[in-house]
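For reference, the structure discussed in these notes is given below.
Small disclaimer: the values here were computed from a predicted structure and weren't measured. Below, chains carry the letters A, B, ... as their sequence lines are ordered, and counting in each starts from 1.
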2 protein chains.
Amino acid sequence: MLSKKTKYGLKALTYMARKESKNPVLISEIAEEENISKKFLEIILLQLKNSGFLGSKKGKGGGYYLIREPKDISVAALIRILEGPIAMLPCVSLNFYEKCEDCKDEQTCSISILMMEVRDSTLKILENKTLQDLTNTTLPHL
Amino acid sequence: MLSKKTKYGLKALTYMARKESKNPVLISEIAEEENISKKFLEIILLQLKNSGFLGSKKGKGGGYYLIREPKDISVAALIRILEGPIAMLPCVSLNFYEKCEDCKDEQTCSISILMMEVRDSTLKILENKTLQDLTNTTLPHL
DNA sequence: TAAAAGCCTATAGGTTTACTAGACTATTAA
DNA sequence: TTAATAGTCTAGTAAACCTATAGGCTTTTA
């Protein structure tokens, strides 16, 4: 399951991507529109800024803005920043791999082989879906 | 990510399914062979028993045994018992649905639509994979 | 009847989640 | 120049969840 942090992050970015203008968007505006605790959203947007997805402007007329084009930001990348691994087990994670301590042989562990299959099918979707796609209300079926 | 509980549960059941005979298997045997804390495994196997997957026999010569045929137990069913929802968001879970509190309209929420897609592709794999399949060291590619 | 083996209750440290409070700093419009 | 605005940083926290561990109880069978 995704944490609320990740869900809120995706919602906030989608909200920003939907805006026509590139003017900075207020945290408080996003928080209100998307029903997210403002203080919690602060933490999330700050993390996205430190990860290179958002820029910010302080003072009056300030706010957060997208640095990259929505079509160049995959949902998988966002989930990895906000949530961490996408795989169901650390021993099959591509970006957050950890050795399986109890396993005798990871190469022949049928569970990890299965979880690789799940990982690949999930990634196939999430790597190819961008923030641009999320701005549309209805998604085209593959 | 799957919890260790789920991973251990799958490992233990796979171990049992691999046994030729239908004689009860000792918790301590599974714990030792699969490198799982015995006390933790007790809790897990008890839960699987209460869910109707395992039977048990007390006393000398006792242990746990599979009630159903390995080919009739899907991995998805086991994960739902041990872990809970398979979907990435409560609002797209088939078996553990919860309303999205912050969402204005779940029907047109692009994030939930995306997560439905992920859910379906994951379920396609997990529903069709059984304990029988896990007893093989190498899985056939779809 | 004693050993074996599962069953039950309780506990406990650690981590994560989902926030909240409050002060600080930078920016800009008036 | 200053007041208002808006992001930034530090801290803390209650509750839930995870991953066990301890110890005694009950049932069964050799």
Side-chain angles (χ1 to χ4, degrees), chain A residues 1-12 16 23-32 34-51 53-67 79 81-85 88-90 96 98 100-102, chain B residues 1-12 16 23-32 34-51 53-67 79 81-85 88-90 96 98 100-102:
Chain A
M1 295 279 269
L2 294 179
S3 62
K4 294 210 171 175
K5 184 175 153 190
T6 302
K7 191 178 74 167
Y8 291 165
L10 290 175
K11 282 199 167 188
M16 294 172 76
N23 292 336
V25 187
L26 295 185
I27 292 181
S28 52
E29 177 187 336
I30 304 172
E32 202 163 327
E34 298 291 342
N35 291 305
I36 303 168
S37 139
K38 192 196 155 200
K39 278 291 185 180
F40 195 26
L41 189 55
E42 269 186 18
I43 298 169
I44 297 167
L45 295 189
L46 192 55
Q47 188 178 350
L48 287 168
K49 186 198 164 194
N50 293 333
S51 313
F53 290 98
L54 292 178
S56 69
K57 230 182 125 185
K58 288 186 178 181
K60 197 168 184 179
Y64 278 100
Y65 52 90
L66 287 167
I67 284 186
I79 291 181
I81 291 296
L82 293 166
E83 185 79 19
M88 283 184 142
L89 291 176
F96 299 84
E98 278 177 61
C100 183
E101 292 304 328
D102 48 274
Chain B
M1 296 278 272
L2 295 178
S3 62
K4 292 207 172 179
K5 184 174 154 191
T6 302
K7 190 179 76 167
Y8 292 164
L10 290 176
K11 281 199 166 189
M16 293 171 77
N23 293 335
V25 187
L26 295 185
I27 292 182
S28 53
E29 177 187 334
I30 304 172
E32 202 163 327
E34 298 290 343
N35 293 304
I36 303 168
S37 140
K38 192 195 155 200
K39 278 292 184 180
F40 195 26
L41 189 55
E42 269 186 19
I43 298 168
I44 297 167
L45 295 189
L46 192 57
Q47 188 178 350
L48 287 169
K49 186 199 162 193
N50 292 334
S51 313
F53 290 98
L54 293 178
S56 69
K57 233 183 120 185
K58 289 184 180 183
K60 198 169 183 177
Y64 279 100
Y65 52 89
L66 287 167
I67 285 185
I79 291 181
I81 291 297
L82 293 167
E83 187 78 20
M88 283 184 143
L89 291 177
F96 300 85
E98 278 177 62
C100 183
E101 292 304 329
D102 47 274

In B/S/- notation, 5' to 3', how is nucleotides 21-30 of chain D contacted by protein heavy atoms closer than 4.0 Å?
BBBB--SBSS

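Between the CG atom of B:Asp102 and the P atom of C:dA18 there is a distance of 11 Å, rounded to whole Å. C:dT25 atom C1' lies 14 Å from atom CG of A:Leu46, rounded to whole Å. Residue B:Met1 contributes atom CE, which lies 13 Å from atom P of D:dC18 at whole-angstrom precision. Put simply, CD on B:Gln47 is 15 Å from C1' on D:dA20, counting in whole angstrom units. With rounding to whole Å, A:Glu83 atom CD is found 7 Å from C:dT17 atom P. Straight-line distance from the CD1 atom of B:Ile30 to the C1' atom of C:dA5: 13 Å, rounded to whole Å. Regarding A:Tyr65, its OH atom lies at a distance of 11 Å from the P atom of C:dT27, rounded to whole Å. When rounded to the nearest whole Å, the span between NZ of B:Lys4 and P of C:dT16 equals 12 Å.
For B:Asn35, the side chain to side chain contact (heavy atoms under 4.5 Å, CB included) partners at least two apart in sequence or on another chain are A:Asp102. Residues forming a salt bridge (charged side-chain N to carboxylate O under 4.0 Å, His left out) with A:Lys39 (at least two apart in sequence, or on another chain): A:Glu42. Residues passing the salt bridge (charged side-chain N to carboxylate O under 4.0 Å, His left out) test with B:Glu32: none are found, sequence neighbours excluded. Residues satisfying the salt bridge (charged side-chain N to carboxylate O under 4.0 Å, His left out) test with B:Glu98, not counting sequence neighbours, are none.
At least one side-chain heavy atom of A:Leu54 sits under 4.5 Å from a side-chain heavy atom of A:Leu66.
No engagement by A:Leu45 is indicated, since no non-hydrogen atom pair under 4.0 Å with the nucleic acid exists.
For the OP1/OP2 pair of D:dT19 and a distance below 4.0 Å, the side-chain nitrogens and oxygens of B:Tyr8 include no atom meeting the criterion. Phosphate proximity of C:dC7 to B:Ser56: present, with a side-chain N or O under 4.0 Å from OP1 or OP2.
Counting all heavy atoms, side chain and backbone alike, A:Gly55 lies closest to A:Ile67 at N-CG1, 3.5 Å.
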Using a 3.5 Å cut-off and no angle test, enumerate the donor-acceptor pairs between side-chain atoms of residues 43-50 of chain B and protein atoms at least two apart in sequence or in another chain.
unit_1	atom_1	unit_2	atom_2	d
B:Gln47	OE1	B:Lys5	NZ	2.8
B:Gln47	NE2	B:Ile81	O	3.1
B:Asn50	ND2	B:Leu46	O	3.4

